[in-house]
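Order of the sequence lines fixes the chain letters, A, B, ..., with proteins taken first and strands second; residue numbering starts at 1 for each chain. What you are looking at is a predicted structure, and each value in this text was computed from that prediction instead of being measured. Because only heavy atoms are used, hydrogens play no part in the values below, and waters and symmetry mates are left out as well, while side chains stay in.
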Amino acid sequence: MDITVTEESPFRFRIDQQGRMSVPGVVFASRELLPQAVGDRALEQVVNVAMLPGIVRASFAMPDVHWGYGFPIGGVAATDIDAGGVVSPGGVGFDISCGVRLLAADIERAELAPLLRRLMDVLGDIIPRGAGRGGLWRLSGRAEMEKLLTRGAGYAVERGHGTPRDLARCEDRGILAGADPSQVGQRAVDRGLLQVGSLGSGNHFLEIQAVDRVYDPRAAAAFGLRAAQVCVMIHCGSRGLGHQVCADHVRIMDRSPYARAFDLPDRQLACAPVASPPGRAYLGAMAAAANYGRANRQLLTEAVRRTFTSAVGVGLDLVYDVSHNMAKIETHEVGGTPRRLCVHRKGATLALPADRPCLSEDLAETGHPVLVPGTMGTASYVMVGTPENDAFASACHGAGRVWSRHQALRQVRGQQLRDELESRGIAVRPSSWRGLAEEAPAAYKNVDAVVAAAEGAGLARVVARLVPLGVVKG
DNA sequence: ATGTCC
């Protein structure tokens with residue numbers, strides 16, 4: 001498929017509405033970052049998403065967009081619930097509530113340096129990771145799982161793993177409303193029982209980082225960040241439970257009457273009206289899986305805190321926890337009137353600006369942190385939401401792949417990559433050589449360019465740049 | 001992303 005993109009303004013490209021598209025496509029990128037320029041077919045998916053029943057404004061793509069299941073990763077699509085708008089599991093992705101959490105330590109990188117190796121050894125020993133395998137917790141059964149699926153990070157805190165202050169710095173206070181554990185199948189529950197408190201694999205990681213540069217001192221101070229400070233970034237999701245929820249509900253929707261009625265260009269866009277039984281069932285199960293992801297990050301936080309206390313002698317404050325694979329019911333103005341929308345963000349981070357409702361109190365004047373993880377050996381960014389964002393308060397979520405995992409394996413040796421990173425002073429604790437090779441920095445876009453494009457497009461503003469000191473790889 | 005195929 002040949003797709004024409006027109007540069008509307010710097011860092012903003014339009015795909016004109018045509019054929020069965022209900023809205024145009026909008027791609028935030030530089031010319032160099034456009035999917036076509038990096039050999040990726042994601043824009044075909046941007047066009048397909050523009051055909052979703054009830055979609056409003058545009059089918060959006062962030063600067064890190066790349067090919068995904070049905071919907072592109074780095075895509076944002078909002079549907080009008082009261083106009084028959086749909087929800088689609090493919091618009092959230094298989095790793096429901098995959099997201100990032102940033103913790104700040106009260107120590108500078110120079111002070112940590114002599115302790116880093118020992119710290120990394122302990123973290124490498126205690127952080128569960130890799131495909132399958134166990135987690136920090138072992139749930140007693142379905143009854144306990146349902147508490148966790150309903151109360152999310154709040155359940156971990158109730159059980160003594162964290163503080164109420166942690167919850168104040170989580171999106172939705174760590175507990176997504178509307179969870180319906182009865183819509184989470186037994187197989188999903190069984191897969192999740194032994195994985196609470198684990199990183200998983202793929203691009204998931206736990207990194208020790210240092211603040212390299214502060215761009216916005218006021219916002220950085222509000223977030224609790226300062227130059228040279230040591231931080232911990234945790235990137236993980238809802239493991240096998242979220243994966244199974246997605247698979248189960250894709251199947252339900254694919255077999256529902258809506259699949260035929262909508263006649264969509266790709267079966268992977270399987271969807272149903274938000275207000276329909278399959279739509280409500282998915283959203284209830286998705287919220288439950290989201291709470292699993294949040295509890296997962298909360299438990300990993302406590303494990304890292306214990307390690308920092310014993311190995312370094314300092315505590316860790318939660319800066320923020322935000323998901324980048326979610327569908328949320330939100331109210332936004334469309335065409336001058338407030339509409340209830342189902343906003344799908346798949347590989348796109350919620351980027352709330354100042355003075356918006358549902359901000360946590362201490363962030364109301366600043367806006368919420370937007371956490372953008374880079375790849376191994378490259379920078380990560382903290383940004384903040386901006387009022388001019390017209391992609392329903394969404395921003396990029398990372399660097400974005402340019403090589404498939406298969407391509408990366410052909411190009412990169414895991415051991416060699418480890419040696420290169422170690423020679424640059426970055427301590428690496430991998431779970432498999434293969435997994436490490438698949439996640440090589442060369443397999444990704446340049447995160448600095450992605451963030452510059454996001455800022456240039458007005459999606460979010462840069463607050464601080466972080467650099468890696470050590471990475472525990474999933 | 002994922003007990004990388006039910």
Item to check | Distance in angstrom units between Gln244(A) CD and dC6(B) C1', rounded | outcome: 10 Å

Checklist entry - Base, sugar-phosphate alone, or nothing: which one does Gly237(A) contact when heavy atoms must sit under 4.0 Å apart? => result nothing

Item to check | Evaluation steps, side chain to side chain donor-acceptor pair (under 3.5 Å), between Glu44(A) and Asn48(A) | outcome: CA-CA 6 Å; Glu44(A) 293 176 28; Asn48(A) 290 346; over 6 Å; no

Checklist entry - Is Asp390(A) paired with Arg12(A) through a side-chain N to carboxylate O contact shorter than 4.0 Å? => result yes

Item to check | Rounded distance (Å) that lies between atom P of dT2(B) and atom CZ of Arg129(A) | outcome: 14 Å

Checklist entry - Tell me: CG of Asp190(A) to P of dT2(B), nearest whole Å? => result 18 Å

Checklist entry - Glu439(A) CD to dT2(B) C1': how many Å, rounded? => result 13 Å

Next on the checklist: Centroid separation under 6.0 Å, is that true for the rings of Phe94(A) and Tyr69(A)?
Outcome noted: yes

Item to check | Under-4.0 Å salt bridge between Arg405(A) and Glu439(A) | outcome: yes

Checklist entry - How many Å lie between CD on Gln195(A) and C1' on dT2(B), as a whole number? => result 9 Å

Item to check | is_close_aromatic(His235(A), His324(A)), centroid dist under 6.0 Å | outcome: yes

Next on the checklist: Using a heavy-atom cut-off of 4.0 Å across all strands, would you classify Gly202(A) as base, sugar-phosphate, or nothing?
Outcome noted: sugar-phosphate

Next on the checklist: On the nucleotide dT2(B), are OP1 or OP2 found under 4.0 Å from the side-chain N or O atoms that Arg239(A) carries?
Outcome noted: yes

Item to check | Distance below 4.0 Å between Ser201(A) side-chain N/O and dT4(B) OP1 or OP2 | outcome: no

Checklist entry - Taking atom C1' of dT4(B) as reference, at what distance in whole Å does atom CZ of Arg401(A) sit? => result 13 Å

Next on the checklist: Regarding Gly200(A), tell me which of base, sugar-phosphate or nothing describes its non-hydrogen contacts under 4.0 Å with the strands shown.
Outcome noted: sugar-phosphate

Checklist entry - Across the strands shown, which category fits Arg405(A) at heavy-atom distances under 4.0 angstrom: base, sugar-phosphate, nothing? => result sugar-phosphate

Checklist entry - Please give, in whole Å, the distance from dT2(B) P to Arg251(A) CZ? => result 20 Å

Checklist entry - Rounded to the Å, how far apart are His243(A) NE2 and dT4(B) C1'? => result 8 Å

